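Notes for the one structure printed next.
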Amino acid sequence: MIPHRPYQAKNIEKKWQNIWEKNNVFETSPNNNKKNYYVLEMFPYPSGKIHMGHVRVYTLGDVLARYKRAKGFNVLHPMGWDAFGMPAENAAFENKVHPAIWTKKNIDNMREQLKAMGLSYDWQLEFSTCDPLYIECQQKIFLDFYKNNLAYRKEAWANWDPIDQTVLSNEQVIDGKGWRSGAKVERRKLPQWFFKITEFADELIDSLDKLDNWSNQVKVMQKNWIGRSEGLKLKFKISDNSVLPKNTDFIEVYTTRPDTIFGASFIAIAPDHPLSKDLANNNKDLQKFIFECNQIGTSEEALEKAEKKGFNTKIQVHHPFVEGEYLPVYIANFVLMSYGTGAIFGVPAHDQRDLDFANKLNLPIKSVVESQNAEDNNISNIAYTGNGKIINSNFLNGMNIIEAKKHIIKIAEEKSIGKKSKQFRLHDWCASRQRYWGCPVPIILCNDCGIVPVPNSQLPVLLPNDVTFDKPGNPLDYHEKWNTIDCPECGRSAKRETQTFDTFVDSSWYALRYPAPKSKDPIDKKQMLQWCPPDQYVGGIEHAILHLLYSRFFNRALKKTNYVDFDEPFKGLFCQGMVCHKTYKGPNGWLEPEEIFFKDNKAFQKSDLQEVEIGRSEKMSKSKKNIVDPMSIIETYGADTARLFMLSDSPPERDLDWSISGVDGCWKYLKKIWSHLHNYSFNNNDEGLLLKAKEQDNSIRREIHLCIQATTENIESFRYNSAVASIRKLSNILLAYKSNTEEAIKEQIILEGWKSFLIMMAPITPHITAELWKLIDKDSSFLDQPWPSVDKNLLKDKKLVIAVQINGKLKNTIEIEQVEANDKELQKNKALALYNIKNAIINNTPKKIIVIPGKVINIVI
RNA sequence: GCCCUCAUGAUGGAAUUGGUAGACAUAACGGACUUAAAAUCCGUGGCCUCUUUUGGCGUGCAGGUUCAAGUCCUGCUGAGGGCACCA
């Protein structure tokens, strides 16, 4: 036997990457004979180097792109950079390097790392969001939004991140803390730029149902986030408004339970309701109360268990439907100004918070919904919120809740004291940031003309290069030369808007840019229509709300401003799980996997041999030090091994547990295939011989084609782990033929098997398969090999194995010929003739015998 | 509190419409080769009983539907995630 070359992943991977690049094989070109398919993975922030999360998501996308290509699609598979954002400014501050230079260096480095993974991108379409052309296009889009009332500037309370020194959108505040910095968010009043996302609130919820190829989890999360509720806005007339500082005649409340209006026993308004503020002007006690409420409001822990507190304003309102009945007005700490009207009517019997409040302040509790279950109706500490019949409610009596709601809304509207109303949790998107490294908002602020858009001829508004980061805050504010400009309308001296866009603006429309990234038009209609929206988008679940909701808004706004003609930005959405790793904690804190060795299932520190605590598997993070650097894996094992491991075990949507033994196993497997194929000498391709295959040989062919079927189905439905399993099963069958046989037909079948194997394995491990293909077929181009098709005639075996059960439990099996598959009687008789079945029914006459022909026989005794 | 998802060997997981549970891997163990180790190759493997055959039990728990349930229904427990004084 001639010794073959050992499997040196690094060399062959570099070799094929160079060949692909030199020949531009992944270049996107128009092809009218093929259907277009656009695969997009979420583009990365150029932090400097790739992490395992990148390896996973880009491998998933690449498998799909390469598979679709083999399936005969014309594939668009691009990559770019989400290049603006805070870390560049932090680096500028720490290392005295300009954000632009830092970012470019990082991009160059990460591009090389991604190339080392062997991803099938058309790199000619690459762009980054800090490119002047992208900035110009985005500014044009923004100005169109502004002119169409989809963006506005408003002085508003904002979430202020004291560490990042910028405002945050509601979506970026998590548990009262900044999403990036983790700092406790403060409230500040500032002029801000908003996008009118609430204009599409209904549509953003309703069309979720049409997104069949979106992950359900994301749809549910978006629905909750938008948070639609339907109810009634209702006015309560104030009985004596002479005590009020201004002429306030009524208080307007919002409710989703107008059916319970006859059970109302008080009105409560928010501490920062305008009326509360008016009353507080000359009331020291109330000022103190409001201050206390605001204190609690910021600490989330306290909020959880916070006691209900109320301040009696001594004001009374008329009950709108009961002549002569009055309700007291309280200021209450559990009522939020940011939802509804900032005022409620309290129905203690049917709302838990109202009940807690009423119990505290000794307010009356009046039941108006009667449950069928008597014990529900005795209300002391638990409010009844279920279904029932309306009672004690005058003209609503006897109705069910739905009827009563409809009826009372109708009456309130007729009396002009109320209006059917929808409320959303979603607020407009605050999209401006007090930062340097972002796309400038193209606006000029003039003392005389107000807000003036930068004229098209002056676009793009680029960032000045000569800035320093030694002072806190926004360098653009200090840059007089840049921010002073003549007003384009009146010519007098004015100021530029110094805020820049949230980076989520950049990522809200980048997918539309790839088909024509160099076009002067923000979105090249002709190119875009051929490809967009992307057929499949792949990315992390952490963007379920932020990026994916903003993109859905942006796409609708782009439709309204005539840039696109479709509603949804992504046809299909797939969210992959996180990459996790066990954590190790030594006596002096967290340890990296590299610092550990194992003995007898215990972990020890290499440095001092002390035992180390093995923690549960968690998302790879710097703070827990459970990070594995992808480049070191690619260096030692190769990209094909890393890719194979990423896909092997866990289903893509679940978390993946990184283990070095798993990686090792994948590497050994590739090595085994490598040496096996090098030791085998393949005959020339002669498919005619396959037709002459004998019955016995066809059983191998059957396995091959079953595998093709399974693998294809698994890839189509994103079950990549199962696809790997079925491919490995095929290779286990083929590996059993260790050396060449003398039979030409059999050799031809094995050739067919290995060819199918390599083509199906190619999307997963593209380099090694390309190299091995040359052993089988020197002349044809591997990348152009079509995906193998299933010969359905081969799938059916001549013999069928059928289960024989007694009372549903497997007892034995029978074997029948394929042609007998529908012969119920024959199968039944064969089953009853079995030795242990005969024994079992000797004393128990079968009550019933169920024969599912070709599948199972169940004997009921 | 509300909403969503999940629960299968030592471990990751498979079982697409209810029809032979544990595919494919990882770790483990036994054997071959080796002075030895690594690598490689061969083999074992849900649990219990038995020498073996056979048999019994088994997909978080308790019920139900069905000839037949990992899969469908009801209730519970546990884990993960989302939202949250949202009227």
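Atoms considered below: every heavy atom in the structure, side chains included; atoms not considered: hydrogens, waters and symmetry mates. Below, chains carry the letters A, B, ... as their sequence lines are ordered, and counting in each starts from 1. Since we're looking at a predicted model, the values are computed, not measured.
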Could you go through nucleotides 65-69 of chain B and list every protein N or O atom that sits under 3.5 Å from one of its N or O atoms, giving the distance for each pair?
| residue | atom | partner | partner atom | Å |
| --- | --- | --- | --- | --- |
| B:C67 | O2' | A:Asn858 | ND2 | 2.8 |
| B:C67 | O2 | A:Asn858 | ND2 | 2.9 |

* Among the candidates B:C85, B:G12, B:A87, find the nucleotide nearest to the side-chain atoms of A:Phe334. => B:C85
* Asked: Quick one: do A:Asp202 and A:Arg228 make a salt bridge, cutoff under 4.0 Å?
  -> yes
* Structure fact -> All stems that RNA chain B takes part in, i.e. 3 or more consecutive Watson-Crick or G-U pairs with distances under 3.5 Å, are B:1-7 with B:77-83, B:10-12 with B:24-26, B:28-32 with B:40-44, B:46-48 with B:55-57, B:60-64 with B:72-76
* Examine B:U53: is either OP1 or OP2 under 4.0 Å from a nitrogen or oxygen in the side chain of A:Asn836? Give yes or no. => no
* Asked: Which of the following nucleotides, B:G19, B:G82, B:A39, is nearest to the side chain of A:Val856?
  -> B:G19
* Minimum-distance nucleotide (side-chain atoms of A:Thr255 versus B:A87, B:C85, B:A21) -> B:A87
* Structure fact -> Result for 5'-nearest mapping on RNA chain B, choosing between A:Thr813 and A:Asp657, is A:Asp657
* Asked: Taking O4'-C1'-N9-C4 for purines and O4'-C1'-N1-C2 for pyrimidines, is B:G9 syn (within 90° of 0) or anti?
  -> syn
* Asked: Roughly how far apart are A:Lys824 NZ and A:Ile852 CD1, rounded to 0.5 Å?
  -> 7.0 Å
* Between B:U20, B:C4, B:C83, spot the one nearest the side chain of A:Val220, thanks. => B:C4
* Asked: Is it true that the NZ or CZ of A:Arg425 lies under 6.0 Å from the centre of A:Tyr339's six-membered ring and within 45 degrees of the ring axis?
  -> no
* To do: Would you indicate which nucleotide in B:A14, B:G56, B:C86 comes nearest to any side-chain atom of A:Pro651?
  => B:A14
* Structure fact -> Regarding the side chain of A:Ile545, the nearest nucleotide among B:G82, B:C85, B:C86 is B:G82
* Is it true that A:Asp823 and A:Lys830 make a salt bridge, defined as a side-chain N closer than 4.0 Å to a carboxylate O? -> no
* Considering heavy-atom distances to RNA chain B, does A:Asn216 or A:Tyr339 have its closest nucleotide positioned more toward the 5' end? -> A:Asn216
* Asked: Looking at the side chain of A:Ser661, which of B:G13, B:C3, B:A27 is the nearest nucleotide?
  -> B:A27
* Just to confirm, is there a sub-4.0 Å distance from OP1 or OP2 of B:A87 to any side-chain nitrogen or oxygen of A:Arg257? -> no
